[in-house]
Amino acid sequence: MSVAVNPGRSFPLGATVYPEGVNFSVFAKGATGVELLLFRDADSPRPDQVIALNPRLNKTYHYWHVFVPGLKAGQIYGYRAAGPWAPERGARFDAEKVLLDPYGRAVAVPPSYSRDLASQPGENTAAAMKSVVADLGRYDWEGDQPLQRPFAQTIIYELHVGGFTKHPSSGVAKEKRGTFAGLIEKIPYLTDLGVTAVELLPIFQFDAQDSPPGLVNYWGYSPVSFFALHQGYGSRQGPLAVLDEFRDLVKALHRAGIEIFLDVVFNHTAEGNHLGPTLSFRGLANEVYYLLEPDRSLYADYSGCGNTLNANQSVVRRLMVDSLRYWVEEMHVDGFRFDLASILSRDEKGQPLENPPVLWDIESEPVLAGTKLIAEAWDAAGLYQVGRFVGDTWKEWNGKFRDDIRAFLRGDPDTVSSLAHRLLASPDLYEHKKREVEQSINFVTCHDGFTLNDLVSYNHKHNEANGEDNRDGSDYNLSWNCGVEGPTDDPEVESLRNRQVKNFLALTLLSFGTPMLLMGDEVRRSQQGNNNAYCQDNELSWFDWTLVHRHRDVHRFVKELIRLRLHFDKASLEYDLTLTQFLAQAKIDWHGVTLHEPDWGPESHSLAATAVSLTGARVFHFICNAYWEALSFELPDLPDGADGGWRRLLDTALPAPLDICEDTEAVLWEESTYLAQPRSVVFLFANIGQGLKKATRQESKPDERN
């Protein structure tokens, strides 16, 4: 095949479809020559046509470009870039390797794809991933737009696209299991549960072979592209079909009132360390895309994955912002969670910047205005920025919430004052920023670590299945097995575990801030103690749908908790207040077993609080007893005009369905004390009108030591 070509132009980057053909443009600083390769099939042993780009005609600045008439969407292509092989200078050009287009909108993965061949000398044409020309303009969105739901009305559910429906019990047709289409079929479950946003683990094309021998990369934190969808999540044939399938998912979620957030990995790529494969960036402009050590043959590794993207280099900054714009403009995504986001604040020497350009580029991008931005405000090299992440709109995964709630419910000493901060959206971390209540993303479990069931069932990680002799995964879990390591038939242990699960869920969903739940925690999904299941694409990681019935009491408990949070005194969530203003108007009263006498001491394991809704229409009383014995708590008097007295909405020590109820069915509590059972959470309310705002005494803030 031979096609006459035109010089083309340097923008837009990637492969752009026009009526007359396709314009290709790629950044390759330092390359002495670039070839565009056109293929008939993904596993073709050689290209149908090789178009050598003339640096006098097809190069502008560091951009190599060409226009090929007659080409259409679906054309498979790749690049080869010649240049110096000088690792000691940071140059790693290899003219034998087929390279992905960093701006390619789709990827074709041949059955013979080999990470090993991409890591060794020699050509790898048939076994290389390849880019695919895509035309995004033909899809009918039917008027769909991102939802832009207020954070105050957001309940996040973190899920894995594959793991959500791969289990045979999912009820999804076999060809759709583990795909975007399969997830569409489960939207009614998400709607019934009550969550308002799904946060998908990485869905950009990743290298499934970046894993221990004999296993696969399941989580997807090994990207090869920031524009292309992972082919494995498509149920239809052809590399372009997944584009429509994903957009069908987005449209269906939006129709159900559910937002979609993407977990984006802008901190590293699948190309790994100096021994890793040449897939794309390394072979086009290695020293531009990556942070290098003083020994330029080695990669700086702040991600724990072998390399680190040079996030504040201008070309890389543009790549990231262009990627985010693409997912919002073309795919209607509602928000992003940035994996190891603190890496994005590092300069080219790895030092933290006070005002990182890329973070401000993202925040100030007009297309992203109204898009939810969530930072995992730490990295693998010890940079921890929770409470200090730059920007005016970024929300943060609150790792201190996770750790402090775990420690308190485990019964650790000196945890009560920390608990108070976490219940109130962590003013010790965020109040100084004069930001909204929802800046803290509250969670106790996520994909990385124990599931909620395993958090109350194991004292130690059990990662032997990962093939690394149980060395991988965190040893700092703050877990407690309730007396027996692993599964048990002991009814007392099982009852305690069930109660602890409900305690964790109650504190997560009733604390101020933005709550996040992990897929399957609502039905006590287990990973058998594995706290690093990144390479376990099997029933260990998949959602077992038989658990919905087996643990229907916990499932119901979560549904009622979400309903309670979203709809009980909904008007109070609509106030536009800073955290400081909110806490002042809520008038928090702290108590111990005796009214107005909280015990902030190191041996205390209990706390109670009274708060007034912002409308003044209701008052709430909250009791947390992490002690191993029952404690009797005094209840505050209610002013004249109260509707009958305190009513019990929730008590985790009671059996279902008494453990939680709707406000119209809440039990009237006429006693002046409440006996909170060991390791339990209690939630009471009263309808009182406007009077209590004046009658309730505001106590001092919790002890600031933590």
Side-chain angles (χ1 to χ4, degrees), residues 1-42 44-83 93-108 123 125 128-139 225-228 238-240 243 279-281 283-285 288-289 314-316 318-319 321-323 325-326 329-330:
M1 181 178 72
S2 178
V3 178
V5 300
N6 299 323
R9 59 182 184 176
S10 60
F11 64 95
L13 283 161
T16 306
V17 179
Y18 296 93
E20 302 81 12
V22 177
N23 187 82
F24 296 88
S25 177
V26 66
F27 178 86
K29 182 180 180 180
T32 57
V34 172
E35 294 176 334
L36 173 66
L37 315 176
L38 303 180
F39 295 91
R40 187 180 307 276
D41 300 301
S44 296
R46 61 186 59 85
D48 285 356
Q49 184 177 10
V50 177
I51 301 173
L53 304 189
N54 185 327
R56 292 189 300 104
L57 300 175
N58 302 105
K59 181 185 178 187
T60 305
Y61 185 53
H62 300 304
Y63 299 99
W64 297 74
H65 46 80
V66 65
F67 185 89
V68 185
L71 293 189
K72 299 178 181 179
Q75 175 65 55
I76 299 172
Y77 72 99
Y79 290 102
R80 285 195 294 240
F93 291 98
D94 185 343
E96 293 187 288
K97 294 294 185 290
V98 176
L99 306 174
L100 286 168
D101 179 356
Y103 275 74
R105 269 37 174 189
V107 170
E123 67 91 21
T125 305
M129 295 188 203
K130 300 169 182 70
S131 297
V132 184
V133 176
D135 183 356
L136 280 298
R138 299 180 180 180
Y139 185 79
S225 172
F226 301 114
F227 291 87
L240 296 184
L243 293 168
L279 304 172
S280 177
F281 309 96
L284 290 167
V288 171
Y289 283 111
S314 60
V315 170
V316 185
R318 182 178 297 108
L319 173 77
V321 175
D322 287 348
S323 169
R325 289 183 55 181
Y326 169 76
E329 288 186 304
E330 299 290 350

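Side chains are part of it too, since the values below use all heavy atoms of this structure and drop only hydrogens, waters and symmetry mates.
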Rounded distance [0.5 Å steps], [atom1] in [X] versus [atom2] in [Y]:
{"X": "Phe27", "Y": "Tyr289", "atom1": "CZ", "atom2": "OH", "value": "6.0 Å"}
{"X": "Ile51", "Y": "Tyr79", "atom1": "CD1", "atom2": "OH", "value": "9.5 Å"}
{"X": "Ser25", "Y": "Leu53", "atom1": "OG", "atom2": "CG", "value": "10.0 Å"}

Side chain proximity check, Ser44 to Thr125, heavy atoms < 4.5 angstrom |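 Ser44 does not reach Thr125 side chain to side chain.
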
Going by heavy atoms in the side chains, are Val26 and Leu99 under 4.5 Å from each other?
->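 The answer is no, as the side chains (C-beta and beyond) never meet within the 4.5 Å cut-off.
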
For residues 14-24, tabulate all N or O donor-acceptor pairs below 3.5 Å that involve a side-chain atom, not counting sequence neighbours.
residue	atom	partner	partner atom	Å
Tyr18	OH	Arg9	NH2	3.1
Asn23	OD1	Arg9	N	3.0
Asn23	ND2	Arg9	O	3.1

Shortest non-hydrogen contact from [X] toward [Y]:
{"X": "Ala4", "Y": "Pro69", "result": "O-CD, 3.0 Å"}
{"X": "Leu319", "Y": "Pro102", "result": "CD1-O, 4.0 Å"}
{"X": "Ala134", "Y": "Leu243", "result": "CB-CD1, 3.8 Å"}
{"X": "Phe93", "Y": "Gly30", "result": "CZ-C, 3.5 Å"}
{"X": "Ser225", "Y": "Ala228", "result": "OG-N, 3.0 Å"}
{"X": "Lys29", "Y": "Val288", "result": "CD-CG2, 3.8 Å"}

Could you tell me whether the side chain of [X] and the main chain of [Y] form a donor-acceptor pair under 3.5 Å?
{"X": "Lys130", "Y": "Ala108", "answer": "no"}
{"X": "Lys59", "Y": "Gly33", "answer": "no"}
{"X": "Asp48", "Y": "Phe39", "answer": "no"}
{"X": "Ser10", "Y": "Thr60", "answer": "no"}
{"X": "Arg105", "Y": "Tyr103", "answer": "yes"}
{"X": "His65", "Y": "Pro7", "answer": "yes"}

Under the side-chain contact (heavy atoms from CB on, under 4.5 Å) test, which residues partner Ala28, sequence neighbours left out?
->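 If we apply the side-chain contact (heavy atoms from CB on, under 4.5 Å) test to Ala28, skipping adjacent residues, the hits are Ala31, Val34, Trp64, Leu284.
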
Quick one: list whatever passes side-chain contact (heavy atoms from CB on, under 4.5 Å) with Arg46, sequence neighbours left out.
-> none

Only counting residues at least two apart or in another chain, list the ones meeting ring-ring contact (aromatic ring centres under 6.0 Å, His included) with Tyr326.
->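 By the ring-ring contact (aromatic ring centres under 6.0 Å, His included) rule, Tyr326 matches Phe227.
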
Quick one: salt bridge (charged side-chain N to carboxylate O under 4.0 Å, His left out) pairs with a partner in residues 73-83, sequence neighbours left out?
-> Glu35-Arg80

Please determine which of Ile76, Val50, Leu71, Val133 meets the side-chain contact (heavy atoms from CB on, under 4.5 Å) test together with Leu38.
->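 The residue from Ile76, Val50, Leu71, Val133 that satisfies side-chain contact (heavy atoms from CB on, under 4.5 Å) with Leu38 turns out to be Leu71.
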
Please step through side chain to side chain contact (heavy atoms under 4.5 Å, CB included) for the pair Phe226 and Asp322, ending with a clear verdict.
-> CA-CA 9 Å; Phe226 301 114; Asp322 287 348; over 6 Å; no

Residues forming a side chain to side chain donor-acceptor pair (under 3.5 Å) with Tyr77, sequence neighbours excluded | Asp101

